[in-house]
Number of protein chains: 2
Amino acid sequence: MTVTIYDVAREANVSMATVSRVVNGNQNVKPATRKKVLEVIERLEYRPNAVARGLASKKTTTVGVIIPDISNNIYAEAARGIEDIATMYRYNIILANSDQNEDKELNLLDTMLGKQVDGIVMMSDAVTPKLHQSMEHSPVPIVLAGSVDETNQFPSVNIDYFQASYQAVQMLIGNGHKRIAFVSGPLAYTINSKFKLEAYKKALTDANIEIDEQLIIADDGTYDSGLEAWGVLSDLEQPPTAFFAGSDELAIGLIHGAQDNGKNVPEEIEVISFEDSKLARMVRPQLTSVVLPLYDIGAVAMRLLTKLMNKENIEDQTVVIPYRIEKRNSVKS
Amino acid sequence: MTVTIYDVAREANVSMATVSRVVNGNQNVKPATRKKVLEVIERLEYRPNAVARGLASKKTTTVGVIIPDISNNIYAEAARGIEDIATMYRYNIILANSDQNEDKELNLLDTMLGKQVDGIVMMSDAVTPKLHQSMEHSPVPIVLAGSVDETNQFPSVNIDYFQASYQAVQMLIGNGHKRIAFVSGPLAYTINSKFKLEAYKKALTDANIEIDEQLIIADDGTYDSGLEAWGVLSDLEQPPTAFFAGSDELAIGLIHGAQDNGKNVPEEIEVISFEDSKLARMVRPQLTSVVLPLYDIGAVAMRLLTKLMNKENIEDQTVVIPYRIEKRNSVKS
DNA sequence: GTGAAAGCGCTAACAA
DNA sequence: TTGTTAGCGCTTTCAC
């Protein structure tokens, strides 16, 4: 059978309280006693039962992580950042995919809270009112990673999507383009893409370029949809000469679409992406892209969560990580 | 404060046993009672404490998942398969990265067992003796996903790496190549790559082609190392005319290396990959590749684990999933 | 420095 | 059909 703290206590001729103390590194134990207990623990191969410990202490040292889809590189990268920091602070993570589906998100929140996680990191492109409400009722801290909470009620970590997008579009404008397309993920109606879109429009407007709704496409964000978008856009009477893509996959689809049509990138067509995953260097030409520091976003979010779980004072709940634009060859100069 | 089963019982004028019954869907409850209890649960927003439940029932409905690196698409894909099936059977997963590091693997095993997971899915390219031994001592079932256990002691799910690789190399041989290189990940010394290498050698030998160790390169499996491998190999006196790549990234690196040198793929250089991630279609020419069904491997592994946790009878502990070769344009005909 | 004992919130016999 | 009662394995006062 499994050996319990009680077995150890008996074998070591001490009380279970003492065993508990040595297991938990409590200093109030005579070195000799500690040694004796440690020996018995080793001999019996005693392994503390974290569930019992959790019940008694009301802490599980595990945090919940709700992400849209782990098989999507973006989220996987963030997940790795989260997990690394979690490990550093001795937490384990319960990971679950929501597919951006509100019902799943709600359910996951509930089951994770049921499992008594000490905190939650949540990635969701759309913090709906219902979700928001559920999150408010959480007995443990929740931090948003890569998702902005417009009510500013929840801790969150992000980059400045608007600013980054604005700058990206500006680069294209600076290169003389008048017909600039914006191709984004399905998220056209969600937060982050909303910022990108707003920035896109603002940048054009500020440069006195008229906004043409035909040049704005929102699909599912995949390579194929980038290819498709190229098809649609290049068939326009006045096709775009530059593209602001919402993701690397999209950008590559756009570029391949152009190349398959005999167009040169960046000589004839320029493309700037928003992501800078390792894919960015795996195309010819390599992508110029806003770098979205996913790993860092995850890591910082988790770090923030540890502080919150520790009830430390937080200066600022919403942290904005710096971004930069990596210049490669899909945009001239 | 948090509301417990006891609060619900009191409010509903029943015993906690009855509340427990309705929460657990036990049929031995009069409909009227059930209704009453359900109402109170709703009103009080009672949420069962899974930790207490776990302690009492000795089941946590969570499984551990140990993978090398979630930010690597291969493992992320498998993780998604694992999680989907886990969710289907109402399990949650504790996910952790091992970086293929034995110490971490050992530690993770230990902490997960400490957390009383009901089972574990493990992905490890090298089941070392120590690891093997720790796994044997596990009180809960462990299944290996995408990793073969040479002792055949643990349940595992895989494809036939040898057969798949053999066939891949044969395609190249069939196209008339005599100088065929094998470029693989760092895993040259680990199980799966070992099979690939063996198959490569066997295929050549069977075709009376001499094995040239210079044509065998094992590096870190990244795009850059593919590029590098091209550099080294193309500088040979008798450079290879065909490549068997251990992964898509590697294959793309090889192809770009060739193209940057003005070589045509597949006219002058042919490349076959082993993976078939979505990357495979995101290059020109698109990759011909052995398809490694990662999602399925994960899903089947998890399904197998549910059976094991359920103590169902398993016909065969080691399942071999069919593979196929997806023909695209990096190999002629 | 160490021990006794009361929970933590729930499940699972066993009775009734 | 429902209630009573032991635990599950540990943490945590509170005494000594």
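Proteins come first, then strands; the chains are lettered A, B, ... in the order of their sequence lines, and each starts at number 1.
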A.B. asks: Hey, is the side chain of A:Ser15 poking within less than 4.0 Å of OP1 or OP2 on C:dA4, counting only N and O atoms?
C.D. replies: no

A.B. asks: Base contacts versus sugar-phosphate-only contacts with protein, heavy atoms under 4.0 Å: please encode nucleotides 5-16 of chain D as B, S and - from 5' to 3'.
C.D. replies: --BBBBBB----

A.B. asks: Hey, does the side chain of A:Thr33 come within less than 4.0 Å of C:dG1's phosphate (OP1/OP2), counting only N and O?
C.D. replies: no

A.B. asks: Just by modelled atom types, is the A:Ala52 backbone N or O under 3.5 Å from a matching donor or acceptor in the A:Asn49 side chain?
C.D. replies: yes

A.B. asks: B:Asn28 has an atom CG; how far is it from atom P of D:dT1, in whole Å?
C.D. replies: 6 Å

A.B. asks: Short question: side chain of A:Thr87, backbone of A:Glu83 - any donor-acceptor pair under 3.5 Å?
C.D. replies: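 The answer is yes, because a donor-acceptor pair under 3.5 Å joins these two groups.
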
A.B. asks: Measure CG/B:Asn26 against P/D:dT2 and give the value in whole Å, please.
C.D. replies: 11 Å

A.B. asks: Using every non-hydrogen atom in the two residues, find where B:Ala96 and B:Leu108 come nearest and quote the distance to one decimal.
C.D. replies: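 In terms of heavy atoms, the two residues are closest at CB-CD2, 3.5 Å.
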
A.B. asks: Please check this pair: side chain of A:Asn101 against backbone of A:Ser98, looking for a donor-acceptor N/O pair closer than 3.5 Å.
C.D. replies: no

A.B. asks: C:dG1 P sits how many Å from A:Lys36 NZ, rounded?
C.D. replies: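 Rounded to whole Å, this separation is 15 Å.
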
A.B. asks: For a salt bridge (Lys or Arg N to Asp or Glu O under 4.0 Å) check, start with the C-alpha distance between B:Glu39 and B:Lys35, then their side-chain angles and the critical distance, and finish with the verdict.
C.D. replies: CA-CA 6 Å; B:Glu39 278 169 8; B:Lys35 183 153 172 290; 3.3 Å; yes

A.B. asks: I'd like to check B:Ile314 versus B:Leu304 (side-chain heavy atoms, cut-off strictly below 4.5 Å). Are they in contact?
C.D. replies: yes

A.B. asks: Take atom CG of A:Asn13 and atom P of C:dT2, then tell me their distance rounded to the nearest Å.
C.D. replies: 13 Å

A.B. asks: Determine: side-chain N/O of B:Thr18 to OP1/OP2 of D:dT2, distance under 4.0 Å, yes or no.
C.D. replies: no

